[in-house]
Amino acid sequence: MGKRLWVCILMILLLTATMGCSIHVFGGDGAQPESLILGTKYLVQDVAEITLVKVENTTIIRPAISSAGYTAASGQYIDIVLDVKNLRTEEVNCNSFIVITAEDADGNVYKDVLYAAERDEGMSIDAYANIAAQQSARLHCAVAVPRDEGVINVTLTVDEAKYVLTYTMGDPWVNRIPIGMNQTVDVAGFAALTLEDVLITEDLVPPDTSGSYNHYRPDSVDNVYVAVQVMIQNQKSVSYTSDGFVAVHAVIDHKPYAGFVVLLDPDEQGFSSNVDLAPAASRTVYALIEVPKSAQDQSMQLVFFFGGQEYLYSN
């Protein structure tokens, strides 16, 4: 093979690699606002790196794993979720990292904003958090808008750089990776997750009911549980709580239903929560999502929040 052909191949490979990890660098004073694209990294030299992870309208700003968060006093939030890195030489409070503004088609400007950083790998969220120098965080930049709004123009300002997006209410932006039954997702240094089963039940009982056992029933007789069975292996070098690996939501007719997770006990006679998994240990985990009986026969999607990424299972 000729030298010229080898050079051409190397140039193509280099171009492909460069496109795969594209970074948009702020052009300095006078640069025009740049449109935000999911999964694209934007760099403001010596100030910040930002990557758009998700945009959605919601009544509560919450971290990936926990259901606790900040609830809108009225209306709802447009939540802009970013992975950010502080490139400054000093820590920066999450309320000073980015400035968000929003305006509707009639020129109405919305100024009720909330900034909050996720903590503990998505198990908590803090509206007063500091982001240390040269450290990364998942940052929520939210602005409250009326429930009946349609299209909102959002501007994010990082130092002198401006980034814009136009969001249609009810049409979330997010990259969700499909996951199938018996498929394993492996996040190095965190955990491996295997989807094993999805059950609809009015009473989740353990495999061994020969003696005394504990079980779970929905709070309402009009509801059932969507019980999502996964196998989790802890790939951290330290023990980690079973509640912190994964969260699962069911989406039925565009409405999300949140759940909670329980761990199957080693004797298979019951379930526990908030149990530490030792390094390399594997255990069966159930995500229990309470939904109306009337919704169980409808088309359903399951959204998994795992290792900083969202995954989608469709039945």
Side-chain angles (χ1 to χ4, degrees), residues 38-39 51-56 58 60-69 79 81-83 118-125 138 140 171-201 204 216 224-236 240-264 271 273-275 277 281-291 295-296 298-315:
L38 279 172
T51 303
L52 181 62
V53 174
K54 186 177 185 178
V55 186
E56 66 174 345
T58 177
I60 182 170
I61 304 301
R62 71 180 80 195
I65 301 298
S66 173
S67 60
D79 186 17
V81 185
L82 305 159
D83 281 340
E118 294 190 18
R119 294 300 194 202
D120 306 318
E121 296 182 282
M123 291 187 65
S124 62
I125 192 166
R138 179 154 290 185
H140 294 249
D171 186 17
W173 298 14
V174 61
N175 287 328
R176 289 173 174 152
I177 300 173
I179 184 173
M181 193 63 65
N182 299 313
Q183 180 179 342
T184 298
V185 176
D186 196 324
V187 179
F190 179 63
L193 176 149
T194 303
L195 175 59
E196 295 187 332
D197 204 356
V198 178
L199 312 169
I200 305 295
T201 180
L204 181 70
Y216 284 89
V224 293
Y225 273 136
V226 178
V228 184
Q229 179 183 329
V230 299
M231 179 65 70
I232 294 287
Q233 181 190 50
N234 179 14
Q235 295 188 357
K236 287 175 166 290
Y240 194 66
T241 175
S242 59
D243 291 5
F245 287 106
V246 65
V248 186
H249 292 178
V251 181
I252 303 172
D253 194 22
H254 305 287
K255 181 178 179 180
Y257 296 85
F260 61 97
V261 298
V262 294
L263 190 74
L264 180 64
F271 306 93
S273 59
N274 197 26
V275 176
L277 265 67
S282 297
R283 296 283 293 277
T284 298
V285 172
Y286 289 88
L288 298 180
I289 308 161
E290 190 168 342
V291 304
Q296 63 179 313
Q298 299 182 35
S299 177
M300 176 177 59
Q301 295 181 320
L302 298 175
V303 180
F304 294 76
F305 302 84
F306 177 70
Q309 175 65 52
E310 293 189 20
Y311 298 86
L312 181 66
Y313 173 80
S314 299
N315 66 350

Gap between atom [atom2] of [Y] and atom [atom1] of [X] - 0.5 Å precision:
X     : Y      : atom1 : atom2 : result
Ser67 : Ile60  : OG    : CD1   : 7.0 Å
Arg62 : His140 : CZ    : NE2   : 10.5 Å
Ile61 : Ile125 : CD1   : CD1   : 7.0 Å

Tell me, please, which residues at least two apart from [X] pass salt bridge (Lys or Arg N to Asp or Glu O under 4.0 Å).
X      : value
Arg119 : none
Glu56  : Lys54
Arg138 : Asp83
Asp79  : none

Taking side chain as C-beta onward, heavy atoms only, is [X] less than 4.5 Å from [Y]?
X      : Y      : answer
Val224 : Val291 : yes
Phe304 : Ile179 : yes
Asn175 : Glu310 : no
Tyr216 : Phe260 : yes
Met300 : Ile252 : yes
Val226 : Val198 : yes
Leu52  : Leu82  : yes
Ile289 : Tyr225 : no

Which residue pairs satisfy the side chain to side chain donor-acceptor pair (under 3.5 Å) criterion with at least one member in residues 244-258, sequence neighbours excluded?
none
Candidates Leu193, Leu263, Val261, Thr284 - the one meeting side chain to side chain contact (heavy atoms under 4.5 Å, CB included) with Ile232:
Leu193
Any idea which heavy atoms bring [X] and [Y] closest together, and the distance?
X      : Y      : answer
Ala287 : Val248 : CB-CG2, 3.6 Å
Ser242 : Ser273 : OG-C, 4.3 Å
Met123 : Ser66  : O-CB, 3.2 Å
Pro63  : Gly122 : CB-O, 3.2 Å
Thr51  : Gly39  : CG2-C, 3.7 Å
Leu277 : Phe245 : CD2-CE1, 4.1 Å

side-chain hydrogen bond (donor to acceptor under 3.5 Å, both in side chains) for Asp186 and Gln235? Distances and angles first, verdict last.
CA-CA 9 Å; Asp186 196 324; Gln235 295 188 357; 3.3 Å; yes
With a 3.5 Å distance limit and no angle check, can you tell me whether Arg176 reaches the backbone of Val303 through a side-chain donor-acceptor pair?
no
What residues form a side chain to side chain contact (heavy atoms under 4.5 Å, CB included) with Glu121, not counting sequence neighbours?
Phe190, Lys236, Tyr240
Can you confirm if the aromatic rings of Phe271 and Tyr286 lie within a centre distance of less than 6.0 Å?
yes
